[in-house]
Number of protein chains: 2
Amino acid sequence: MNVGDVSRRTLADELATGVVELIREQRLEPGGQLDTVRTLATRFSVAVPTMREALRRLEAMGVVVLRHGSGVYVGENVGRSVLPNPHSPILTGERLIDLLEARRTIEPPIAAMAATVRDPDGVARLTETLDEAEQCLRLHDERLWIVNLEFHRALAQASGNTVLAEVVDSIVLVHAQEQREILRLHGDESEDFAEHQRIIRAVVDGSADEAFGATHEHLTNVIDVIRARNLGSEH
Amino acid sequence: MNVGDVSRRTLADELATGVVELIREQRLEPGGQLDTVRTLATRFSVAVPTMREALRRLEAMGVVVLRHGSGVYVGENVGRSVLPNPHSPILTGERLIDLLEARRTIEPPIAAMAATVRDPDGVARLTETLDEAEQCLRLHDERLWIVNLEFHRALAQASGNTVLAEVVDSIVLVHAQEQREILRLHGDESEDFAEHQRIIRAVVDGSADEAFGATHEHLTNVIDVIRARNLGSEH
DNA sequence: ATCACCTAGTGATCTAATCAATTCCACGCC
DNA sequence: GGCGTGGAATTGATTAGATCACTAGGTGAT
C-alpha cells in the first residue's frame, strides 16, 4: 500500500473494491451471504474467472469466504484494519526475540486498560480461558498452547480497544507455531499458568498497575527463557 | 486463520502456499522475479486461471506483484507478519479514538527504543523526514500529511524491532486518509512539526524518557483535538 | 548516442465446458 | 406424522483455449 501510488489498477483490484462497497451498501455482517459468483460477475459486467480472481483477493484477506456448492459469504475480517500474514516465515533467532519484545511492549498497557475498563464480558471470557487452561493442565491435554493463545487474545479484547485487539490477535495468531514452541521451551506450564492467573486477578481487581507489572514480568520471563535457549543453541 | 481449522483447502490455497515455498527455496528477495504465470501453472500441473487465482491471493497480501507484460515478482510483504487491510472501513467516532489510543500505547515505547538504540541509519531517515516536513511547511505543500506518515513509520523502524515497525506501518498506512483528516482537524501544522522536532531531538540525544514523554504528549494532544471535534460534531 | 518502431514475451480477460460439493425437495418406510 | 435417503438443482472449482493489452528488448535510422 503506497499512498502516492498512481499505477494502473487491474480489473480484479477494482472489482475487489466494488464487492467490498456492495457488502457495505447491503450492510452485510460477517456470515451474511452475497450473490453467487455468477450473479456478481453479471452485476459487474465481467467474466466469471475475473470475478473469481477478485474474490480470491478478498478471500486472502478474510473479507469473504467462498463455500463450494453453497455460495459466497462475508468473512470475519471485513471490518479489520490489521491482519496476520498467513504466509509469514517462521520466526527464529533475533526475529523471534523481536516478536516477544513487541508483545512485551504492547501487552502490559493492554492489561492495564483491561483492568481499568473491567468489562464484564471481557472478564468472563478471560476467566473462561483460565478454566480451560487449568483443565488442560490437569488432563495433560496438549491443547494447552492453543488455550494460552486464546488467553492473550481475550486479554487484548478486554482492553476495549479494537485496534490493539487486532494487533495482538494478528501477532499471536500468525506466529502460533512459534508460540507453541515457546511454551515447550519454557518447560514449566504450571508456572506459566500461575502467571496468567496473576494477570487475571489483577484485571478482576481493577488494579491497572498490578496488571501491567504482572504481564510485563510474565513476558520478560518468557524472553529470558528463549534468550537462554537461543544462546545455548548457537554454541 | 483458525488454528484448529481442518476444513478442506482449495487448490488455489494450496498453490499459494506452494508458490511461497518456491520463493523461499529459490531464496528470492523482494523485487526478484519468479517464473511466468504459464510456467508456474505447468510446474504445479494446473490450469493457468487456477494459478492466477492463487497469485491473486498472494498479490492481495503483497507477497507477489504481477506486472502486465513483464512477469511475476516477489513483493515487499513476503517476510512480513502483520499487514494492513486495504479494504478496511474508514474509521470514525470511537473507532478513530481507538486507533489514536492504540498509537499512543505503542509509539511512546517505540520512541524510547529508538532513543536507546540510536541506529545511525534510523536517525538519518528520521531527520530526513523532518527536513521534508519543514520544506512542505515552507512551501505550503499539501503533501505534508504524507511526510508526517513517513515520520511515524521511520520512528518505528528506528526502534530496531521489526514486529513493532510492521504494526505501526500497518496502522498508519491503512488509515492514511484518517491521518490526513486528523492533520486537517489539528489545524496547527507548525505545532505538529515542533512536536515531531522534539521527539527527534530526544532520539538523537539518546534520551529515552524524553522521547517517550514527547511522543506520548504529542499523541495525547492529537487525541484531545479529535475528541473535542467529535464532541462538537455530535451536538 | 539517442530515439523510434517492431516483435516477442507475458500478463489480463474472455468464452464455454466439465467436475465437485452443498442444499433442498420428494418419496418411501416406520 | 416424522425421519431418513436419494436425486436433482444450485453453486463453487477447475480446465481448455482464444484473444487482447502491456512491457521489454533489439534493431535501424538519424
Side-chain angles (χ1 to χ4, degrees), chain A residues 2 5-20 22-23 26 28 30-76 78 86, chain B residues 2 5-20 22-23 26 28 30-76 78 86:
Chain A
N2 196 338
D5 195 348
V6 293
S7 63
R8 174 180 294 272
R9 294 179 71 190
T10 60
L11 194 48
D13 194 355
E14 304 261 9
L15 290 171
T17 301
V19 169
V20 170
L22 189 63
I23 290 171
Q26 296 181 346
L28 293 173
Q33 188 165 18
L34 272 73
D35 287 338
T36 65
V37 177
R38 286 168 182 139
T39 306
L40 286 170
T42 302
R43 180 192 196 100
F44 288 94
S45 304
V46 296
V48 167
T50 307
M51 176 52 68
R52 290 187 56 83
E53 287 189 18
L55 292 172
R56 286 291 185 219
R57 289 182 61 107
L58 294 177
E59 188 183 43
M61 313 305 292
V63 171
V64 302
V65 177
L66 276 61
R67 291 213 195 98
H68 191 169
S70 179
V72 184
Y73 299 85
V74 178
E76 291 185 349
V78 70
Chain B
N2 198 336
D5 195 348
V6 292
S7 63
R8 176 179 292 271
R9 296 177 70 189
T10 62
L11 193 48
D13 194 355
E14 303 262 6
L15 290 171
T17 302
V19 169
V20 171
L22 189 62
I23 291 172
Q26 295 179 348
L28 294 172
Q33 189 164 17
L34 271 72
D35 287 339
T36 65
V37 176
R38 286 170 179 137
T39 305
L40 286 171
T42 302
R43 181 193 195 100
F44 288 93
S45 305
V46 296
V48 167
T50 307
M51 176 52 70
R52 289 187 58 85
E53 288 189 16
L55 292 172
R56 286 288 185 223
R57 290 183 60 108
L58 294 177
E59 188 184 43
M61 315 303 294
V63 171
V64 301
V65 176
L66 274 62
R67 291 215 194 96
H68 192 168
S70 177
V72 184
Y73 297 86
V74 179
E76 290 184 351
V78 70

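Shown here are the side-chain hydrogen bond (donor to acceptor under 3.5 Å, both in side chains) partners of S70(B), two or more places apart in sequence or in another chain: Y73(B). In this view, R43(B) and D35(B) satisfy the salt bridge (charged side-chain N to carboxylate O under 4.0 Å, His left out) rule, not counting sequence neighbours. The side chain to side chain contact (heavy atoms under 4.5 Å, CB included) test applied to L11(A) returns L15(A), V46(A), T50(A), not counting sequence neighbours. With sequence neighbours excluded, no residue satisfies side-chain hydrogen bond (donor to acceptor under 3.5 Å, both in side chains) with T42(A).
One can place CG of D35(A) at 10 Å from P of dT11(D), the figure rounded to the nearest angstrom. Between R9(A) atom CZ and dT13(C) atom C1' there is a gap of 17 Å when expressed in whole angstrom units. Straight-line distance from the CG atom of L15(B) to the P atom of dA13(D): 13 Å, rounded to whole Å. Computed from coordinates, the Q33(A) CD to dT11(D) P distance equals 8 Å when rounded to whole Å. In this entry the distance linking CG of L34(A) with C1' of dG12(D) reads 14 Å, nearest Å.
Listed by first and then second residue, the salt bridge (charged side-chain N to carboxylate O under 4.0 Å, His left out) pairs involving residues 57-66 of chain A are D13(A)-R57(A), R56(A)-E59(A), R57(A)-E59(B), E59(A)-R57(B) (not counting sequence neighbours). Within the structure, the salt bridge (charged side-chain N to carboxylate O under 4.0 Å, His left out) test picks out no pair touching residues 66-75 of chain B (sequence neighbours left out).
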Protein proximity profile, nucleotides 17-25 of chain D - base contact B, sugar-phosphate-only contact S, no contact -, cut-off 4.0 Å on heavy atoms: ----BBBS-

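When all heavy atoms of R9(B) and T17(B) are compared, the pair lying nearest together is NH2-OG1, 2.8 Å. Contact record, M61(A) with P86(B): CE-CD, 3.4 Å, taken as the closest heavy-atom pair. Nearest heavy atom pair, residue P30(A) against residue V78(A), reads CG-CG1, 4.1 Å. Taking every heavy atom of both residues into account, V37(A) and M51(A) meet most closely at O-CG, 3.9 Å.
DNA chain C is contacted by T50(A), E53(A) of residues 50-60 of chain A, taking any non-hydrogen atom closer than 4.0 Å. Using a 4.0 Å cut-off on heavy atoms, the residues of residues 39-48 of chain A that approach DNA chain C are V46(A), A47(A), listed by number.
In this structure, CG in L58(B) is found 9.0 Å from CG in L34(B), a value given to the nearest 0.5 Å. Rounding to the nearest 0.5 Å gives a distance of 10.5 Å between NE2 of H68(A) and OG1 of T10(B).
L40(A) is listed as a side-chain neighbour of L22(A), based on a closest heavy-atom distance under 4.5 Å.
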Using atom names, set out every protein N or O paired with an N or O of nucleotides 4-9 of chain D below 3.5 Å, distance rounded to 0.1 Å.
none

